[in-house]
Amino acid sequence: MGSLMALLDTYGRAHRDLRISLTDRCSLRCTYCMPEQGLPWLAKPTLLTTEELIHLARIAVGLGIDEVRLTGGEPLLRRDLVDVVAGISALGVEVSMTTNALGLDKMAPDLVAAGLTRVNISLDTLDRETFKTLARRDRLDDTLAGIAAADAAGLAPLKLNTVLMRDINDHESPALLAFALEHGYQLRFIEQMPLDAGHTWRRDNMVTGEEVLVRLRKHYDLTPAEQRGSAPAERFLVDGGPATVGVIASVTAPFCGACDRVRLTADGQVRNCLFATTETDLRTPLREGASDEELGELVQACITAKLPGHGINDPGFLQPARPMSAIGG
Ligand code: SAM
Ligand code: SF4
């Protein structure tokens, strides 16, 4: 377990949730995330090794982190994924993963054996043609196979993440919820954020959380569930429960005041926010032999500098230089 000493920022927020991006590469090219041709990938020597990742995770756990989520890019593309999961899980913290599930059908049992407890799987559509348009790859069946395998391997509760794009898949929200209800998965709709590499995000074209609820309510009775605490999703009981659906309205209803997240990129930079415009380099001091205490002080300094909010709604908002796939969503 993490120590009682939590990473506190100047607004009193304690940080207990570490998101580690394992790679900036991906097997899909979701339009809201990555350009068709991919991106200039991080140079191999800059990527943290298995040992370095586990070392930094151990320092974070010593600073009060008690939950680690692996993400990317696509974490399933990391060849050492099982070792990373085992190494971090051995620190006594919960290890979960956000994934597009391509290849999870083969890996789910090994990941569970290594200590993985939960997965969030991205599923934006149940229609093969729409999947091809949105993710630019004909892989819907593979995603569905990955979801079924995660379920069969006992990764529960299994959460599904959906980003709705206007006139592409926004009409599918009731069908996606029906799919989730049928299988006992927890579906969450995420507002599209200005984090795509192509800088194509436009506020007036974003499907808002409110719009999602209006459409779903034509098919389902939704009543607010419990208080959400530090969880970003506002949850609703579906037809009286116990099943729920979540809406993550990061843009129209920011939850920065309750944020408990800190991020580590695949090349060893700590970020105090998805939207931070600065990062703290841990890789260089780590490789130069800095002590755990010195590295811990760098993490704390990064958290101390955390701003109160992401500022997407401020006139002077600047999209971070790195896209979501390189930061770790
Ligand atoms: N490749 C994995 C996946 O897709 O689940 C993990 C990384 S991905 C960057 C993590 C999550 O971020 C996914 O649920 C994805 O839908 C979401 N995401 C990516 N770009 C986004 C954007 N511009 N706005 C909102 N969510 C986004
Ligand atoms: Fe890949 Fe995930 Fe980005 Fe889609 S959202 S391109 S699956 S990193």
Side-chain angles (χ1 to χ4, degrees), residues 19-39 41-42 69-78 81 96-104 107 118-125 130-140 142-143 146-147 150 155 158-166 168-170 176 185-203 205-209 212 232-233 246-255 261 263-266 271 274-275 310 312 317 319-320 322-329:
R19 310 268 155 143
I20 303 182
S21 173
L22 294 183
T23 174
D24 56 335
R25 293 174 186 250
C26 192
S27 40
L28 295 179
R29 294 286 183 273
C30 305
T31 53
Y32 51 76
C33 184
M34 239 191 236
E36 175 142 34
Q37 68 279 16
L39 291 161
W41 309 122
L42 292 170
R69 174 174 297 274
L70 305 175
T71 179
E74 179 43 52
L76 288 168
L77 294 182
R78 267 294 286 227
L81 180 60
S96 59
M97 177 171 74
T98 301
T99 175
N100 63 24
L102 297 186
L104 192 55
M107 290 191 64
R118 285 188 299 111
V119 279
N120 285 16
I121 298 180
S122 300
L123 179 71
D124 296 330
T125 175
T130 308
F131 194 99
K132 274 161 70 179
T133 305
L134 256 179
R136 301 195 186 98
R137 299 283 188 272
D138 189 5
R139 304 293 301 270
L140 173 63
D142 297 317
T143 293
I147 293 172
L155 290 165
L158 195 155
K159 294 186 185 174
L160 298 178
N161 291 342
T162 300
V163 176
L164 293 176
M165 303 286 282
R166 192 173 301 288
I168 298 176
N169 64 337
D170 55 342
L176 284 158
Y185 307 149
Q186 291 182 15
L187 178 64
R188 298 114 46 86
F189 292 98
I190 307 176
E191 279 181 352
Q192 188 199 356
M193 295 181 278
L195 283 171
D196 60 310
H199 292 245
T200 58
W201 181 87
R202 284 191 16 240
R203 174 182 300 275
N205 201 36
M206 176 188 68
V207 178
T208 65
V212 177
V247 174
I248 303 181
S250 327
V251 179
T252 59
F255 35 85
R261 287 154 192 213
R263 293 165 196 278
L264 177 65
T265 64
R271 300 178 62 93
L274 262 181
F275 294 93
H310 57 42
I312 300 177
F317 172 73
Q319 186 170 332
R322 294 219 223 197
M324 181 79 132
S325 54
I327 297 169

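Numbering of ligands and ligand atoms starts at 1, following listing order.
Distances from atom 4 (O) of ligand 1 to the heavy atoms of P75, P194, S122, A101 put S122 nearest. Nearest to atom 2 (C) of ligand 1 by heavy-atom distance, out of M165, E74, M193, is E74. If you check each of G73, G72, C26, S21 against atom 1 (N) of ligand 1, the one with the closest non-hydrogen atom is G73.
In this structure a side-chain-to-backbone donor-acceptor pair under 3.5 Å is missing from N169 to F131. In this structure, the side chain of H310 engages the main chain of S250 through a donor-acceptor pair within 3.5 Å. Q192 contributes no side-chain N or O that, together with a main-chain N or O of R202, makes up a donor-acceptor pair within less than 3.5 Å. Side chain of E191 to main chain of V251: a donor-acceptor pair is present (N/O by atom type, distance under 3.5 Å, no hydrogens or angles). Judged purely by atom type and a 3.5 angstrom limit, R203 has no side-chain atom pairing as donor or acceptor with the backbone of M206. Side-chain atoms of R29 do not come within 3.5 Å of backbone N or O of R136 as any donor-acceptor pair. Remark: side-chain polar atoms of R188 are not paired, donor with acceptor, to backbone N or O of T162 under 3.5 angstrom. For the pair D142 (side chain) and L102 (backbone), a donor-acceptor distance under 3.5 Å is absent.
Of all atoms in ligand 1, numbered sequentially from 1 with element shown, those under 4.0 Å from a heavy atom of T71 are 6 (C), 7 (C). Those atoms of ligand 1 that come under 4.0 Å of a heavy atom in V163, given as number and element, are 16 (O), 26 (N). Set against the non-hydrogen atoms of N161, the atoms of ligand 1 under 4.0 Å away are 14 (O). Which parts of ligand 1 touch N100 is read off a 4.0 Å heavy-atom cut-off, strictly below it: atoms 2 (C), 3 (C), 5 (O). Below 4.0 Å from some heavy atom of N100 lie the following atoms of ligand 2, by number and element: 7 (S). Below 4.0 Å from some heavy atom of E191 lie the following atoms of ligand 1, by number and element: 24 (N), 25 (C). For ligand 1 and Q192, the ligand atoms under 4.0 Å from any heavy atom of the residue are 24 (N), 25 (C).
In this structure, C30 has no heavy atom closer than 4.0 Å to ligand 1.
Atom 1 (Fe) of ligand 2 has its closest protein heavy atom at C26 SG, 2.2 Å. Closest to atom 9 (C) of ligand 1, if we only count protein heavy atoms, is M324 CG, 3.3 Å. Among protein heavy atoms, the minimum distance from atom 6 (S) of ligand 2 is reached at C30 N, 3.3 Å. Among protein heavy atoms, the minimum distance from atom 3 (Fe) of ligand 2 is reached at C33 SG, 2.5 Å.
At a heavy-atom distance under 4.0 Å, only backbone atoms of T99 (N, CA, C or O) approach ligand 1. For T98, heavy-atom contacts with ligand 1 shorter than 4.0 Å involve the backbone as well as the side chain.
For ligand 1, the polar-atom distance check against Y32 finds a nitrogen or oxygen pair separated by under 3.5 Å.
Nearest heavy-atom pair across L42 and A266 is CD1-CB, 4.1 Å. Annotation for L22 and P75: closest pair CD1-CB, 4.1 Å, computed over non-hydrogen atoms.
More than 12 heavy-atom neighbours from other residues, nucleotides or ligands sit within 6.0 angstrom of CD on Q37.
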